[in-house]
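Let me begin by presenting the structure, written as structure tokens, before commenting on it.
As the structure is a prediction and not an experimental result, all values here were calculated from the model. Values below: all heavy atoms of this structure, side chains included; hydrogens, waters and symmetry mates excluded. Each chain gets a letter, A, B and so on, in the order its sequence line appears, and its residues count up from 1.
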2 protein chains.
Amino acid sequence: MLSDEDIASRLRRQIAEGDLLDADGRLPPERELAQRLEISRAHLRRVLDLLATEGTIFRRRGQGTFALPPPATDAARLKPLARRITPAEVMEVRLGLEPTLAALAARRATAQERDQFAQIAAATQAAADQAAYDTADDVFHYKIAEMAHNALFLSMYEAIRSVRREAIWTRQRAETYSDAVFSQLAHQHQTLAETIIKGNAEGAEAAMADHLRTVAQTLAKA
Amino acid sequence: MLSDEDIASRLRRQIAEGDLLDADGRLPPERELAQRLEISRAHLRRVLDLLATEGTIFRRRGQGTFALPPPATDAARLKPLARRITPAEVMEVRLGLEPTLAALAARRATAQERDQFAQIAAATQAAADQAAYDTADDVFHYKIAEMAHNALFLSMYEAIRSVRREAIWTRQRAETYSDAVFSQLAHQHQTLAETIIKGNAEGAEAAMADHLRTVAQTLAKA
DNA sequence: GTTGCAACCAATTTCGAATTGGTTTCGGTA
DNA sequence: TACCGAAACCAATTCGAAATTGGTTGCAAC
């Protein structure tokens, strides 16, 4: 009989390799996955509870289980909007929202969340290539929105995230930061992570604004 | 034969009296309204174009024609969210969003929009009772979001608006401002309107933050 | 008591039909 | 020719029913 931890590490490896994931980072439904692993659904759910607690997966009733932050509910509704939106407009909204989210996260994150967030921040620093950085950056910003502990705010950040994914221009961007910009972004992530983990709300707000201004300027030049 | 302006003023009066409106401030569909007024749909649409341009009505394909700002698309989806949200959380989001919207509106509003906005602001000052103030205040804040000229931002403000309407607590709030608070809100509206119309972005941002803090404090005491 | 299983619950998605504002076409009339 | 009205068509949304999916409970077996 395999222990929970045996199954968990097996799942962690398969998720990391992208084995079980579809194009949107979604795992198979629990009923199907349990059959495939030849364990009961109750057993699988115990394991998934582990992975969800440690932040490896995201689960949402009616949508599924994801290895990345879940899509906004009814993401399809945002498609027509995504077509009318420019990158500059999205950055404008992010600059309006995310500094506030960072301040709230610094004030409200639980001890466990701060631990998880430290690991996520480290992952953005360790990213080997652009694709790895993009994924880690996505999780980094999502986690901040989550730590703000305001469901309405989170749903808005998810809307931004969905619009960015739906929009055409995300697929055609060159998406290659210069080394100088890249190290600047990495340094900003570090400052941001430190202020949030320490609970410095004003510092986090300023650091997020600083970070997003850099991103916006880089996009504007491209 | 009635002129466009004859029909228009008749419609303006009926809308003001709430004659044609259902509970959500919605007018009958164009096909039905045209029959009832015994004019052609093309004629009616010319008149509605007038009213829409002057800001009396809001039209949205697939939803209808409204005498108040239209509901968010797929507003039903926000119902489960509205149940989990507290007034304090909504005010938190408004404080995060609306000062930025006010700044953008001050920078980007067209001359025509500033004229309309001046009238809307005057309506909030002239409100005779609480119900009239609530309606005028609703239009006031919506117009600011509209003048920011960012579709993603506007959709987020509409989400806030829908959540407030769906939430249970909006129906049970006492909803009676004291005279002192009321005159303070009126003065803040005036400052806000002046800064936006003059194009003073920083002033508008500060004035909106000031205004929303007052509203939040008033709600917190209740 | 724990485990496995099934049924049920709650939120979402999906799909198709109906609704509604927006646009075009076409015939008639002045 | 120019305008008007009617109808058809287009585009976005809403609505409802069925299916999907994570979350929860009850039950029987060991």
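- A sub-4.0 Å separation between OP1 or OP2 of dG23(D) and a side-chain N or O of R59(A) is present.
- Look at CZ on F58(A): it is 20 Å from P on dT21(D), rounded to the nearest Å.
- A salt bridge links R108(B) with E92(A): the distance from a Lys NZ or Arg NE/NH1/NH2 to an Asp or Glu carboxylate oxygen falls below 4.0 Å.
- Considering only side-chain N and O atoms, T65(B) lies under 4.0 angstrom from the phosphate OP1 or OP2 of dG21(C).
- Residue R60(B) is in sugar-phosphate contact alone, with no base atom involved, counting any heavy-atom pair closer than 4.0 Å across all strands shown.
- For H43(A), counting side-chain heavy atoms from C-beta on, the closest listed nucleotide (dT14(D), dG4(C), dG22(C)) is dG4(C).
- Taking side-chain N and O atoms only, R41(B) has no distance below 4.0 Å to OP1 or OP2 of dA6(D).
- In this entry the distance linking CZ of R77(B) with C1' of dT14(C) reads 16 Å, nearest Å.
- Ion pairing of E89(A) with R164(A) is absent here, as no side-chain N (NZ or NE/NH1/NH2) approaches a carboxylate O to less than 4.0 Å.
- The CD atom of E30(B) sits 16 Å away from the P atom of dT13(D) (whole-angstrom rounding).
- As a whole-Å value, the separation of D74(A) CG from dC15(C) P is 13 Å.
- Both P80(B) and L27(B) lie near DNA chain C, and the one whose nearest nucleotide falls closer to the 5' end is P80(B).
- One can place CZ of R31(A) at 11 Å from P of dG23(D), the figure rounded to the nearest angstrom.
- Of the charged side-chain nitrogens involved, none lies within less than 4.0 Å of a carboxylate oxygen, so that E194(A) and K198(A) do not count as a salt-bridged pair.
- Between F140(A) and H189(A), the ring-plane angle classifies as parallel under the 30° and 60° cut-offs.
- Side-chain nitrogen and oxygen atoms of Q63(B) include at least one within less than 4.0 Å of the OP1 or OP2 phosphate oxygen of dT14(D).
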